[in-house]
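Below: the structure, in structure tokens.
The structure displayed is predicted, hence computed values, not measured ones. Throughout, protein chains are lettered first and strands after them, A, B, ... in sequence-line order, and every chain is numbered starting at 1. Computed from heavy atoms alone, side chains included, the values below leave out hydrogens, waters and symmetry copies.
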Amino acid sequence: MMDLWHIYTHMFRSRLFEEAVARAWQAGRIMGEMHSSIGEEAIAAATVLQLKEGDAMLLDHRGTAPLVIRGVDMALLYREFLGHPDGLCGGKGGHMHLFSRPHLAASSGIVGATGPLAAGFALAAKRLRPGNVALAYFGDGAMNQGMLLESFNLAAAWKLPVLFICKDSHWAITTETEQVTGGNLIERVRGFGIPAEYAEGWDVERLWPLVQKALVHIRDGKGPFFIHATCVHLEGHFLGDPLIRVFRHPLKEARKLTSPLLAALSLKSSDSVSHRKERLEYLLKTIGKAAKQRREDDKDPVKRLRKKLLAENKNRLKEVEQQIRTEIDHIISQVERYEKEAKR
Amino acid sequence: MMDLWHIYTHMFRSRLFEEAVARAWQAGRIMGEMHSSIGEEAIAAATVLQLKEGDAMLLDHRGTAPLVIRGVDMALLYREFLGHPDGLCGGKGGHMHLFSRPHLAASSGIVGATGPLAAGFALAAKRLRPGNVALAYFGDGAMNQGMLLESFNLAAAWKLPVLFICKDSHWAITTETEQVTGGNLIERVRGFGIPAEYAEGWDVERLWPLVQKALVHIRDGKGPFFIHATCVHLEGHFLGDPLIRVFRHPLKEARKLTSPLLAALSLKSSDSVSHRKERLEYLLKTIGKAAKQRREDDKDPVKRLRKKLLAENKNRLKEVEQQIRTEIDHIISQVERYEKEAKR
Amino acid sequence: MKRMTFAEAIDDALLSAMEEDERIIVLGEDVPMLRARIFARFGKERVLGTPISEAAFLTAGVGAAMAGLIPVVEIMMVDFIAVAADALLNHAAKVEAFSGGNWKVPLVVRTACGGGYGDGGQHEQSLWGWLSHIPGLAVVVPSNPADAGGLMLAALRYGAPVVYMEHKLLSESWLDFLAFAGRDNIHFWLPEEGMKGDVPDVWEPVPIGKARTVKKGTDLSFIAAGADVYRCLEVARQLEKEGVSAEILDLRTISPLDVESIVTSAQKTGRILVVDEDYKRFGLSGEIAAVLHERNVPCAYRRVCTEETIPYAHNLERETLPNCQRILQAARELLENEGPNRHP
Amino acid sequence: MKRMTFAEAIDDALLSAMEEDERIIVLGEDVPMLRARIFARFGKERVLGTPISEAAFLTAGVGAAMAGLIPVVEIMMVDFIAVAADALLNHAAKVEAFSGGNWKVPLVVRTACGGGYGDGGQHEQSLWGWLSHIPGLAVVVPSNPADAGGLMLAALRYGAPVVYMEHKLLSESWLDFLAFAGRDNIHFWLPEEGMKGDVPDVWEPVPIGKARTVKKGTDLSFIAAGADVYRCLEVARQLEKEGVSAEILDLRTISPLDVESIVTSAQKTGRILVVDEDYKRFGLSGEIAAVLHERNVPCAYRRVCTEETIPYAHNLERETLPNCQRILQAARELLENEGPNRHP
Ligand SMILES: Cc1ncc(C[n+]2csc(CCOP(=O)(O)OP(=O)(O)O)c2C)c(N)n1
Ligand SMILES: Cc1ncc(C[n+]2csc(CCOP(=O)(O)OP(=O)(O)O)c2C)c(N)n1
Ligand SMILES: [Mg+2]
Ligand SMILES: [Mg+2]
């Protein structure tokens with residue numbers, strides 16, 4: 001049963017948590033890259049909230065939202081990001097390698113690996129937990145990775161209970177996936193004998209019934225299903241994405257980017273300047289597209305659902321949100337207090 | 001222009017040569033495995049004879065027929081199989097690793113590798129030899145290998161001049177490809193945005209115009225093309241294929257195969273005997289199918305074309321065949337004489 | 001005590017383990033036929049023939065192991081593991097570490113290795129040193145039926161990923177499949193003493209990480225694994241006639257290396273000769289040198305390994321692989337020139 | 001003389017080589033943006049953004065190299081090379097051997113390596129020892145801008161496959177991309193002396209296979225490459241204060257190893273300390289031990305390497321990678337306990 005209020009709670013909680021994580025990252029308290037799942041909350045909620053005990057989740061480099069929604073302790077996640085020995089994985093994994101055995105949730109930072117991993121979990125489910133499924137999350141860029149393609153075939157040939165979820169952001173880092181991808185993703189997957197359907201991934205109301213249908217199909221032993229859901233990574237590829245930074249801090253960042261380009265433009269060489277200008281324009285256009293596309297509010301799944309619920313019951317919404325805000329604040333401040341004490 | 005007499009010359013020459021090789025292998029003069037392309041001659045002829053200078057061929061473990069038809073010196077090939085320092089590759093490659101740089105012909109024993117290798121040759125052709133193409137040969141089993149699937153996408157995205165040729169024998173060693181393959185091969189390839197068409201690979205008359213059309217498409221700069229052509233490996237997976245041996249030498253071979261099975265049947269265990277019988281039957285049925293399918297004369301491309309030409313002009317046929325026989329005998333005996341002298 | 005061939009012993013131990021532990025499954029290309037006896041006993045629920053997509057099914061094996069099964073994933077030949085190396089390097093070997101020790105991967109990767117029968121450089125590699133470089137993987141290489149069965153049992157109980165390598169020259173069934181294929185006129189060096197032997201009535205695990213002294217001696221220590229053990233034996237017998245007493249250490253496990261046994265033998269004889277069919281540089285022979293150095297063991301050292309791509313032609317192949325002549329010569333050098341490291 | 005950053009130097013040398021040799025192309029994920037300067041100069045005909053399918057485009061690089069181009073194939077991080085290992089192991093490294101020396105593969109594989117900035121165990125590996133195990137591959141690891149440019153030039157002219165590894169801690173642009181991402185509040189050890197430096201006005205190749213003595217000394221030799229060179233420098237300065245004279249050898253090329261330089265230094269100081277960010281076992285440190293043993297060089301030996309999967313948490317990461325404390329401690333041990341191998 002699709003309960004939008006319930007769904008919103010989860011999406012909003014995940015969003016708030018990831019925003020808190022982003023602040024910690026921005027404050028220099030989290031090392032390295034940080035790929036957030038901000039913008040993917042509808043996909044995460046529509047899938048995770050329909051899982052049963054014993055279902056498995058195979059997560060890519062954006063595992064936070066599914067884990068939060070699945071009920072993994074946010075304090076454990078936050079501590080993991082901070083590299084704390086009491087984190088979800090003792091600080092050994094970090095945000096790209098999140099593992100929670102009780103939730104049958106595992107991650108990989110290798111693009112495309114979630115497909116075959118899920119096939120393995122599904123194979124085990126078939127023997128040990130009939131009726132259970134394995135979810136594989138991956139992006140549009142992953143759709144060209146051989147082992148993922150192989151896993152479509154393996155799942156089809158063995159009729160494995162896998163739900164493949166392609167979160168199509170149209171981008172893989174700085175590459176527009178369309179420019180390096182032949183054909184059409186739905187057709188591609190159907191070519192492996194797997195039913196494949198599309199839904200706008202920012203619209204949880206459309207996604208939910210599609211996921212429901214897919215899970216019925218899979219739990220009935222009819223083999224894998226593929227869902228193609230679009231989404232927008234509102235924070236860009238990762239926090240501090242240079243393509244976004246250029247627009248957010250043009251003075252500071254644009255020079256870094258443009259000065260080598262301008263240098264290239266003025267290089268002595270046989271190549272015509274007009275040619276080179278063209279290429280420069282191509283790069284600038286790409287950057288522009290990336291930044292623009294990532295600011296489209298109507299494709300923010302949380303804002304979108306919020307609008308609807310706001311119209312439905314403003315007070316209830318405020319209340320719900322306030323409660324979650326308090327919850328997240330509490331978790332974050334507890335971890336921080338604990339951290340400080342540990343340091344003393 | 002499709003000249004059946006010319007085509008037959010090539011197919012028959014390749015067949016006779018491979019039969020001579022098989023005799024040498026059977027006589028213990030060639031080590032290791034030997035995958036012959038016997039049964040693939042129509043596919044080889046219909047493709048290779050339509051190539052131009054500067055076109056490249058990427059060959060799998062059955063490279064002999066394409067190389068012979070492309071005009072590689074059979075003496076060099078034969079010496080290579082014998083492991084002679086004067087062989088095509090100085091005896092370093094053997095039949096799975098045949099390379100002829102002047103012919104832009106390269107092999108790989110790794111299933112699926114010819115696809116991406118051909119993509120690379122095609123990329124180079126685009127820059128260095130516009131209008132030239134690269135051919136990738138591979139089997140039905142290879143259609144599940146990730147790097148081949150990736151190469152479909154790469155070729156489509158970059159519009160590379162590649163002709164992908166799937167020689168579908170229905171078998172990969174002892175596995176019926178159908179049982180481990182999801183969907184339909186043509187649909188699968190179209191899903192990558194590549195035009196894909198089917199022809200019976202034992203019928204050179206149907207194959208030829210399809211290849212012609214594909215090559216026009218590719219040379220016109222319209223990107224890759226995929227041909228799905230069925231074939232039968234009349235010698236089985238490799239010379240001495242145990243599934244074939246069982247039928248050819250039932251007394252000697254069948255016991256080897258069946259005694260462990262019978263042992264398994266009589267093992268003490270909780271598993272019911274009827275269950276085990278069923279599995280035994282599955283295995284025996286598989287063996288039977290493999291052996292039977294591989295004896296279908298009407299799917300022998302050489303016999304098939306011969307029949308037609310025999311009806312057309314018996315004497316001419318005899319003459320053509322006699323000439324080729326002489327040619328092959330000459331090559332083989334020269335190599336052998338040379339070998340003997342070298343040994344002294 | 002019973003007598004079994006090497007290949008029988010592996011399958012027998014595996015079969016008996018499968019009787020006892022429902023979680024063990026076997027998957028790989030052609031396994032219904034190649035493991036016909038096990039298939040006949042357990043059927044397609046537990047013996048799964050795969051498509052030719054090593055990356056997907058090995059990664060799926062990792063997933064299945066995490067999800068509660070004990071998969072024995074067969075990679076037909078270790079050469080092909082290269083298309084699935086990510087499954088080992090980035091997944092199997094890392095999940096336990098990433099998860100902070102919370103999640104183990106009880107996976108056995110069974111694969112044939114080794115050359116000498118004329119299959120050429122893409123099908124005869126050993127690669128045990130290559131795989132052992134990866135922390136988190138165990139690598140075992142049995143040299144006789146008793147160890148083969150015992151190590152299989154140990155691998156199944158290890159609770160972490162084990163690469164189980166089966167030298168083709170030891171395995172009657174691989175030899176029949178790949179080298180003889182029904183012929184009896186093919187001749188090459190075979191480690192006959194290891195191909196058949198006594199095995200216990202009831203399989204017991206052979207501990208992983210423990211070498212075995214095949215022959216005691218005082219003047220010189222051979223360190224080897226797999227088929228090389230028998231090359232060393234031949235040479236040792238020759239040396240014996242000359243009054244030299246050679247010790248032979250069969251590593252059995254490459255990683256974790258049995259440093260104590262190596263050091264003890266080196267301390268005793270003062271001369272170490274590593275015989276390693278895997279590539280010479282950056283591998284097993286180097287690691288042995290390092291542990292000797294680290295432990296300040298005074299000894300002279302030589303190594304006889306494969307130094308380059310294995311050529312097809314039998315005479316070149318024999319020269320390239322460690323052969324008895326090369327081993328004997330290295331042993332003589334060691335004995336003549338004790339080197340400045342030698343204990344007084 | 002000019003000054004350049006490490007990353008600028010690589011691109012500058014590459015760009016100047018591309019001006020002179022039309023056959024050089026660059027391909028890899030995101031290269032139009034990541035190599036914006038080169039893209040602006042040569043456009044999409046010579047700087048090709050690829051789909052995320054390393055196996056296909058690296059194997060295609062092998063094909064393109066065979067077909068007349070000199071491809072620089074970028075594998076974003078060396079960790080991901082595992083999905084494309086077959087292209088190196090079975091193709092790039094073997095074509096020349098298989099073809100009897102008739103066909104060369106002038107391919108440069110450019111890839112980022114190394115850790116210390118918090119990206120976790122699937123994104124911070126070094127793997128140079130792993131790759132060097134493969135006969136037929138050269139592996140270079142520059143440590144400063146001048147070598148970085150010169151080795152790129154040498155790699156492009158090598159006429160055989162070279163893996164060119166760019167340590168991320170040396171590369172401002174990778175650091176900006178992956179670690180700082182616009183932040184200035186992140187702190188970790190950086191090899192600052194190697195990040196920027198003098199480069200020649202006109203690029204000259206730095207010979208592959210030649211180490212460089214960074215600092216002369218008499219008591220102890222550090223052997224390292226990449227960022228580790230600067231860790232050794234720090235420790236050497238510390239030791240200097242204590243009256244110990246340390247020599248530092250920057251290998252620059254891992255394979256082929258500069259055995260002469262290693263032996264010469266070891267003969268001089270009698271103490272070798274290998275500092276190797278790649279995994280400890282079965283790798284570079286072992287190979288160095290082996291050549292010392294083989295050449296009967298009397299010396300004491302220690303190694304400080306990465307022994308396990310690199311953890312995410314910064315304190316654990318620092319402990320796991322070779323750090324100055326560990327190096328210093330090993331150096332002290334070496335100096336105290338000269339070991340029985342030490343020259344009198
Ligand atoms: C095998 C492999 N290649 C490259 C990378 C580097 N990488 C990390 S994320 C990414 C882009 C993935 O794009 P997509 O699948 O669309 O996911 P998104 O980031 O858009 O969610 C790449 C190339 C990797 N982690 N693994
Ligand atoms: C990557 C890889 N996996 C497995 C093998 C072993 N192998 C050699 S041929 C073959 C079957 C190939 O089947 P198919 O592609 O249909 O070609 P066919 O032999 O039928 O011509 C297999 C599995 C291999 N050479 N490479
Ligand atoms: Mg994306
Ligand atoms: Mg086939």
Side-chain angles (χ1 to χ4, degrees), chain B residues 54-56 58 76 80 84-94 96-102 104-129 132 134 136 145-158 160 162 192, chain D residues 18 21-29 42-71 73 82-107 135-136 161:
Chain B
D55 290 336
L58 284 303
L76 288 179
E80 183 65 26
H84 197 277
D86 289 341
L88 181 66
C89 304
K92 303 259 181 115
M96 266 190 286
H97 316 111
L98 298 168
F99 290 81
S100 179
R101 195 173 178 186
L104 287 176
S107 308
S108 175
I110 303 298
V111 167
T114 55
L117 285 170
F121 273 80
L123 183 63
K126 246 181 135 169
R127 280 190 64 74
L128 306 174
R129 294 176 287 277
N132 272 126
Q145 181 63 251
M147 67 173 133
L148 181 61
L149 298 169
E150 288 183 350
S151 77
F152 294 155
N153 178 64
L154 194 68
W158 287 355
L160 296 176
V162 181
F192 288 92
Chain D
M18 288 176 78
D21 193 334
E22 287 257 317
R23 297 170 302 172
I24 302 172
I25 60 166
V26 175
L27 55 109
E29 289 153 23
F42 297 107
K44 63 183 195 302
E45 280 72 36
R46 293 180 69 189
V47 181
L48 294 88
T50 60
I52 306 177
S53 35
E54 287 84 357
F57 70 74
L58 186 49
T59 309
V62 177
M66 294 174 72
L69 297 178
I70 302 178
V73 179
V83 304
D86 173 73
L88 294 181
L89 177 73
N90 289 321
H91 295 94
K94 290 193 170 44
V95 166
E96 187 172 342
F98 281 154
S99 67
N102 293 322
W103 214 336
K104 297 198 189 292
V105 181
L107 169 74

Heavy-atom distances under 4.5 Å only: say whether B/Ser100 touches chain D with side chain, backbone, both or neither.
backbone

Using modelled atom types only, decide if a donor and an acceptor are shared between the side chain of B/Arg127 and the backbone of D/Glu22 within a distance under 3.5 Å.
yes

Contact origin within D/Ile25 toward chain B - heavy atom pairs under 4.5 Å:
side chain

Under 4.5 Å from any heavy atom of chain B, what part of D/Asn102 do you find: side chain, backbone, both or neither?
both

Pair count under 4.5 Å, heavy atoms only, with chain D: among B/Met147, B/Arg101, B/Met96, B/Lys92, highest is B/Arg101

What residue, out of D/Leu48, D/Asn90, D/Thr50, has the most heavy-atom pairs lying under 4.5 Å from chain B?
D/Leu48

Of all heavy-atom pairs linking D/Ala60 and B/Leu154, the shortest is CB-CD2, 4.1 Å

For the pair B/Phe121 and D/Trp103, name the ring-plane relationship: parallel under 30°, tilted 30 to 60°, perpendicular over 60°.
perpendicular

Specify the closest pair of heavy atoms between B/Ala113 and D/Thr59, including all atoms of both residues, with the distance to one decimal.
O-CG2, 4.1 Å

Heavy atoms of B/Arg129 and D/Ala67 approach each other most closely as NH2-O, 3.0 Å

Can you tell me which portion of B/Leu128 sits under 4.5 Å from chain D's heavy atoms? Options are side chain, backbone, both or neither.
side chain

Kindly compute the distance separating CG (B/Leu98) from OG (D/Ser99), expressed to the nearest 0.5 Å.
11.5 Å

Region of D/Glu45 that comes under 4.5 Å of a non-hydrogen atom in chain B
both

Among B/Gly90, B/Ser151, B/Ala124, which has the most heavy-atom pairs under 4.5 Å with chain D?
B/Ala124

